[in-house]
Number of protein chains: 2
Amino acid sequence: MTDIFFNVKKHSDHQKFLKGMELLYFGYRDFISWPDDVLQTYGFGRAHHRILHFVGRNPGLKVAELLKLLNITKQSLSRVLSTLVEKGHVRQDIGTIDRRQRLLHLTEQGQNLLDKITEHQKEHMLKAFEKAGEQSVEGFWKVLSALIADENRTEILDRVNKDMGE
Amino acid sequence: MTDIFFNVKKHSDHQKFLKGMELLYFGYRDFISWPDDVLQTYGFGRAHHRILHFVGRNPGLKVAELLKLLNITKQSLSRVLSTLVEKGHVRQDIGTIDRRQRLLHLTEQGQNLLDKITEHQKEHMLKAFEKAGEQSVEGFWKVLSALIADENRTEILDRVNKDMGE
DNA sequence: TAAATATGTCAACATGACTGACATATTTTT
DNA sequence: AAAAATATGTCAGTCATGTTGACATATTTA
């Protein structure tokens with residue numbers, strides 16, 4: 001299997017599509033389901049995880065930027081973000097340049113929670129990378145980048161590449 | 001960017017993890033959101049799409065198998081599957097060997113709907129594959145396969161590889 | 001005949017999305 | 001200075017999709 005299975009040339013366009021689609025579905029599913037247990041003990045869900053992640057990765061993130069990253073409405077964000085703020089995981093600083101803005105930061109508590117959630121997921125992904133090999137990781141990144149909608153790509157890739165400069 | 005961005009060696013483990021995770025999130029998000037418009041005109045959602053896909057790919061699929069592929073409870077499935085059956089997109093044949101089983105098939109109508117949904121998504125993914133190159137597609141598949149939970153991998157890869165034999 | 005299995009259904013509930021309308025504080029434009 | 005635009009927040013109702021628990025039916029297996 002290991003050989004024929006991954007041999008792109010031996011696939012028709014439709015087969016390539018099916019394989020890509022199904023592997024993306026199952027891989028994503030099994031990767032994303034990891035942190036659920038940790039989250040549940042805190043009464044949080046995946047929505048909270050996403051916020052913790054993006055705020056952690058982008059300290060000082062504005063609410064409007066977070067909304068764009070999550071692709072949801074402010075009303076949806078509100079409930080989830082509010083509980084994170086109430087429970088002391090996220091801090092909202094008033095913008096210094098524009099006082100209407102709320103700049104989001106993780107508190108120490110929030111960072112600890114994020115680290116705990118991340119732990120397993122990080123291990124899981126790095127194991128997969130090791131198993132597949134460096135060359136494959138590069139391909140993985142390239143295809144996913146190409147899957148991002150054209151109108152979002154530049155902005156998203158800039159953000160993804162943040163703090164990875166050479 | 002194109003160079004440094006995808007150069008795996010220039011990344012720490014943590015950076016690799018972050019990049020993999022974020023690209024997976026955004027790539028999956030933008031890929032999966034395509035069919036929504038088509039679906040909505042029929043009053044269907046993503047859950048319906050998943051059923052149509054797996055039944056279409058595996059004619060004669062048993063309900064229990066579908067449940068396992070979707071990782072949901074039969075109560076959840078019931079509502080969605082029922083509407084698909086009622087509206088004539090999915091047919092439930094009584095098993096010939098075991099008459100308790102319901103073997104699922106797409107009707108012609110169901111196949112037409114699936115084709116319509118699939119159209120854009122297929123184009124989107126094949127474009128991404130072309131852009132990234134064959135070598136990358138292989139890596140994409142390999143990493144995703146490695147991301148599937150160990151206890152599921154063999155069975156899922158068998159199913160993904162169905163009708164792609166050499 | 002009894003137990004196990006495959007499927008379906010009723011009811012209540014949780015999460016995380018949505019829309020629409022409105023409120024407040026602050027900045028920008030006129 | 002007043003008016004308009006912007007960033008954020010909130011109330012209220014709705015929807016899609018998942019959950020648990022309990023129970024029902026038909027069929028196969030022990």
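The basis for the numbers below is simple: all heavy atoms, side chains too, and nothing from hydrogens, waters or symmetry mates. Every chain is numbered from 1, with letters handed out A, B, ... down the list of sequences.
- Rounded to whole Å, atom P of D:dA16 lies 14 Å from atom CD1 of B:I51.
- The CG atom of A:N71 sits 10.5 Å away from the CZ atom of A:R50 when rounded to the nearest 0.5 Å.
- Atoms CZ and CG, on A:F54 and A:L67 in that order, are 12.0 Å from each other to the nearest 0.5 Å.
- At least one side-chain heavy atom of A:L147 sits less than 4.5 Å from a side-chain heavy atom of A:L24.
- Judged purely by atom type and a 3.5 angstrom limit, A:E134 has no side-chain atom pairing as donor or acceptor with the backbone of B:N7.
- Between B:S12 and B:K16, the closest side-chain pair of non-hydrogen atoms is not below 4.5 Å.
- For A:F44 and A:H89, the ring centers sit closer than 6.0 Å to each other.
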- Query: Which parts of nucleotides 25-30 of chain D does protein reach within less than 4.0 Å, heavy atoms only, written one letter per nucleotide 5' to 3' as B for base, S for sugar-phosphate only and - for none?
  - Reply: -BBS--

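- Across all strands, A:Q92 comes closer than 4.0 Å only to sugar-phosphate atoms, never to a base (heavy-atom distances).
- Across the protein-nucleic acid pair, B:E65 atom CD and C:dT5 atom P stand 17 Å apart, rounded to whole Å.
- Between D:dT10 and A:S78, a contact under 4.0 Å exists linking OP1 or OP2 to a side-chain N or O.
- A donor-acceptor contact shorter than 3.5 Å is absent between the side chain of B:H124 and the backbone of B:F31.
- With respect to A:E65 and A:R159, a salt bridge is recorded, a charged nitrogen being found less than 4.0 Å from a carboxylate O.
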- Query: Between A:Y42 and A:H48, is a side chain to side chain contact (heavy atoms under 4.5 Å, CB included) present by the stated rule, with each step listed?
  - Reply: CA-CA 10 Å; A:Y42 289 83; A:H48 302 85; over 6 Å; no

- Nucleotide-resolved protein contact map, nucleotides 13-21 of chain C, B/S/- at heavy-atom distance under 4.0 Å: ---BBBBBB

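- The backbone N or O of B:G88 sits nowhere less than 3.5 Å from a side-chain atom of B:R91 that would complete a donor-acceptor pair.
- Five base pairs at each end of the helix from C:dT1-D:dA30 to C:dT30-D:dA1 define two local axes, and these are offset by 20° (rounded to 10°).
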- Show the numbers, then the answer: is there a side chain to side chain contact (heavy atoms under 4.5 Å, CB included) between B:L18 and A:M164? CA-CA 10 Å; B:L18 284 178; A:M164 298 195 185; 3.9 Å; yes

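- Summarising the geometry, the separation between CG on A:L104 and C1' on D:dA7 is reported as 12 Å, rounded to the nearest angstrom.
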